[in-house]
Structures are given as structure tokens and as C-alpha cells.
Number of protein chains: 2
Amino acid sequence: MQSSPVDDVDRELLDQLQRDAGRTLRELGDLVGLSPSAVQRRITRYRADGVLAGQVAVLDAARLGVVLAVVLVTLELDSPAHHHAFAERVRGVGEVQQCYALTGRWDYLVVLSTPDAERCREVGDELFRRDPNVKRYEVLPVFDAVKTGLAVSL
Amino acid sequence: MQSSPVDDVDRELLDQLQRDAGRTLRELGDLVGLSPSAVQRRITRYRADGVLAGQVAVLDAARLGVVLAVVLVTLELDSPAHHHAFAERVRGVGEVQQCYALTGRWDYLVVLSTPDAERCREVGDELFRRDPNVKRYEVLPVFDAVKTGLAVSL
DNA sequence: TATGAAATTCCCTAAAC
DNA sequence: GTTTAGGGAATTTCATA
């Protein structure tokens, strides 16, 4: 759980895992010049340190006909309680794929992911229009996912 | 590679895989009421159909001290060639975590992920300020990642 | 065309060094 | 850090409705 030193091999290994976590310890070891056991020991350490949160399947949104939308939101009141309430609310909604608290002209960026355009509008209405906590919001429909992922550059 | 019918079990299975792809076929089978063999067969089919793109490791950005920023971009010229050039450029930059083509007041949403704030500013400058193709852009630093992921609701 | 069960192979895991 | 040994999972094959 404590911060361990991160060397070049760690960076390379974490980078590879972010690209494809479906490879064997042998394959990963060949890539970074380590034995499978050494790779496993490092990965175990990442988990214990909390650096590696988990592994998830990535679906092809376009092929599934999923509709994405970006929503910029500003709250009515700037109190911690209101921000906490908003954060908890969006966290519990399955159609909210991502949500970031911002500094600047907008308070939040919300990424919506829905099976179709109608559902997208419904969720947006339900989530923002009906919330008196929301002062203003702007929906920017996505027409192409140029690049997606969760990879962080180390 | 062709579109297969997606039944309730498929939806449940894909949903579970999006939450945690690190479980055994037995565990997944228990969740959806199928034998390990049947689960594996379905997963193989998802891959063949292109519905399942892959599996990736998710790192804890906050713990790694990663700095995120959201950038809204509008291009100077609206031609397909200019859009293609922009898309190709951001795709090749490691610090660009996500990029979506939008409809509305902005052409693109770009999510930057960098080791620190200085690098974030550098990448933003290099990527947008120096590009004559970019008419205007607005950087919105991320204060807090309320919710992250790539999961699509089915 | 789907399933579940069995047999094989391979990998992950945890030792010992 | 590597090598080794054992248990477990993934994969394949097969029988079936």
C-alpha cells in the first residue's frame, strides 16, 4: 500500500499492461527482459501498492452502435455539499462512463454512453435538466471516437 | 466478424467483463449460470465478432500523481483533410488519452494524461498552440476524477 | 447450434536458491 | 533476480439435446 520506487522496467511493464493485459507472464517477461516469476512478483507488488487497480475488458463501442455524448456542467451553488451530492449521483448512473471535476469555466465534464440517441437524451434530461443543483449544461454529441483508453503516460 | 445476436446472457457476461476481466471462466460461469466451457466459447465469439476489442490494465492515476486535463478544440478549416490530419496527429501522441470528434460549438474533446503539470502545459502548447490548423482551444485542468472507465451500457 | 463434462496442455503460483 | 515443482485454469475434444 506504500509507494514503491518505480524503475524503467516498471514503467515498461505497466505500459505494456495498459496496452494489453491478456498476455502471459512469459510474453511480458520477454518484452522487458525478465523471467516470468520476476514479472509476477512485480505485478503482485503493483496490486499491493494500489498502483494497479484491476483489468477490464474493452468493447468496440462503434460496432455495438453505442452513442456517446460529452456534457459540460456548472452547478448552481459552489458548496462542498452540493459538489459531493452531484458526484455521488453521477457515480451511481450506469450510463455515465466518466466524470471529471474541472477548474475553469465549467465545473464538470461528463461522458455519457448509451445504447441509442433517444436513451442518451433521456439520461441527459433526467440527470441535468431536472436537477435544480445544475445551473447550466451543454451537451456535445460525439460523432467519432478518434482515440479512447485509460492509459496514463509514465 | 459478423454481427451475432446478443442475448441476455451475452449482455450480463459483457457487463461483468467490463467490470473485471481478471476472473476465471468458472467464476464468470457461476455469475451467468453457464459452464466454464460455454463462457469461453462465448468470449471467443465476442473476439471473432470484434465486439470484444481486448483487455487492459487500469492504473490508479491519482496514486501515480498523474495530471489530467480536458481540452476543447476548434479547427481553422472544416475540410475532411484537415480533420483527418488532426485526428492522426493526436492519435500518435502518448499523452493524449482520449479524443472525440464533436458536433456543436467545439470540434474536438481531447483528454490529456501527463506525469506532471509542467509536462501537461508543454504537450498542450506543442499540440494546439503551435498548430496553425487549430483556430482556438480551451484547457480545462481536471481537479478530481469522479468516475473513470470505458464501460458501455448495453 | 447450442450445451456440459472430461482429458490435455499450459500457465500461474509459491517455494527454494 | 532465476529455477523448480505443484495446483489450477484455459483449451480442446467429445457426447448430447
Side-chain angles (χ1 to χ4, degrees), chain A residues 1-60 63-66 115 149-154, chain B residues 1-60 63-64 115 149-154:
Chain A
M1 195 67 175
Q2 63 181 4
S3 63
S4 302
V6 177
D7 62 19
D8 289 341
V9 175
D10 287 324
R11 264 183 286 272
E12 175 64 23
L13 200 46
L14 289 168
D15 191 53
Q16 290 294 341
L17 288 170
Q18 286 189 109
R19 297 184 197 206
D20 180 6
R23 286 174 290 198
T24 64
L25 297 175
R26 167 186 287 276
E27 289 174 303
L28 292 167
D30 289 343
L31 284 169
V32 301
L34 248 54
S35 70
S37 294
V39 172
Q40 195 219 5
R41 199 174 290 113
R42 294 204 181 217
I43 292 179
T44 301
R45 184 164 58 82
Y46 304 151
R47 259 192 271 268
D49 291 349
V51 170
L52 178 54
Q55 56 184 323
V56 299
V58 181
L59 307 189
D60 190 323
R63 188 174 292 269
L64 287 164
V66 168
L150 296 174
V152 298
S153 60
L154 308 166
Chain B
M1 194 67 176
Q2 63 180 3
S3 63
S4 303
V6 177
D7 62 20
D8 289 342
V9 174
D10 287 323
R11 263 182 288 272
E12 175 65 23
L13 199 47
L14 289 168
D15 191 54
Q16 290 294 340
L17 288 169
Q18 285 188 108
R19 298 183 196 203
D20 180 6
R23 287 174 291 198
T24 64
L25 297 175
R26 167 186 290 275
E27 289 174 304
L28 292 168
D30 289 343
L31 286 169
V32 302
L34 247 52
S35 70
S37 297
V39 172
Q40 200 224 10
R41 242 191 307 272
R42 293 202 181 220
I43 293 178
T44 301
R45 198 186 79 222
Y46 304 151
R47 259 191 271 268
D49 292 350
V51 170
L52 178 53
Q55 56 185 322
V56 300
V58 180
L59 307 189
D60 190 323
R63 189 175 293 270
L64 286 164
L150 296 174
V152 300
S153 61
L154 308 166

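In what follows, chains are A, B, ... by sequence order, proteins preceding strands, each numbered from 1. Note that the coordinates shown come from a computational prediction; the quantities given were computed from them, not determined experimentally.
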Trainee: Is the distance from OP1 or OP2 of C/dT3 to the nearest side-chain N or O of B/R41 less than 4.0 Å?
Mentor: yes
Trainee: Going by modelled atom types, is there a donor-acceptor pair between the base of D/dT3 and the side chain of A/S37 at under 3.5 Å?
Mentor: yes
Trainee: Counting side-chain heavy atoms from CB outward, which of C/dT3, D/dG1, C/dC12 is closest to A/A38?
Mentor: D/dG1
Trainee: Can you tell me the distance, in whole Å, between the CZ atom of B/R42 and the P atom of D/dA10?
Mentor: 17 Å
Trainee: Which nucleotide in the list D/dA10, C/dG4, D/dG1 gets nearest to the side chain of B/L34?
Mentor: C/dG4
Trainee: Starting at atom CG of B/L25, determine the distance to atom P of C/dT9, rounded to an integer number of angstrom.
Mentor: 19 Å
Trainee: Using a heavy-atom cut-off of under 4.0 Å over every strand shown, decide if B/S35 touches base, sugar-phosphate, or nothing.
Mentor: base
Trainee: Determine yes or no for a side-chain-to-main-chain donor-acceptor pair under 3.5 angstrom, with B/R63 supplying the side chain and A/D49 the backbone.
Mentor: yes
Trainee: Would you mind checking if A/D15 and A/R19 are paired as a salt bridge, meaning a charged N to carboxylate O distance below 4.0 Å?
Mentor: yes
Trainee: If you compare every side-chain N and O of B/Q40 against the phosphate oxygens of D/dT11 (OP1, OP2), does one of them come in below 4.0 Å?
Mentor: yes
Trainee: For A/L154 and A/R11, work out which heavy atoms get closest and say how close.
Mentor: O-CD, 3.5 Å
Trainee: Please state how far atom CG in A/L28 lies from atom P in D/dG1, giving the value in whole angstrom units.
Mentor: 14 Å
Trainee: Just how far is it from atom CG of B/L17 to atom OH of B/Y46, taken to the nearest 0.5 Å?
Mentor: 7.5 Å
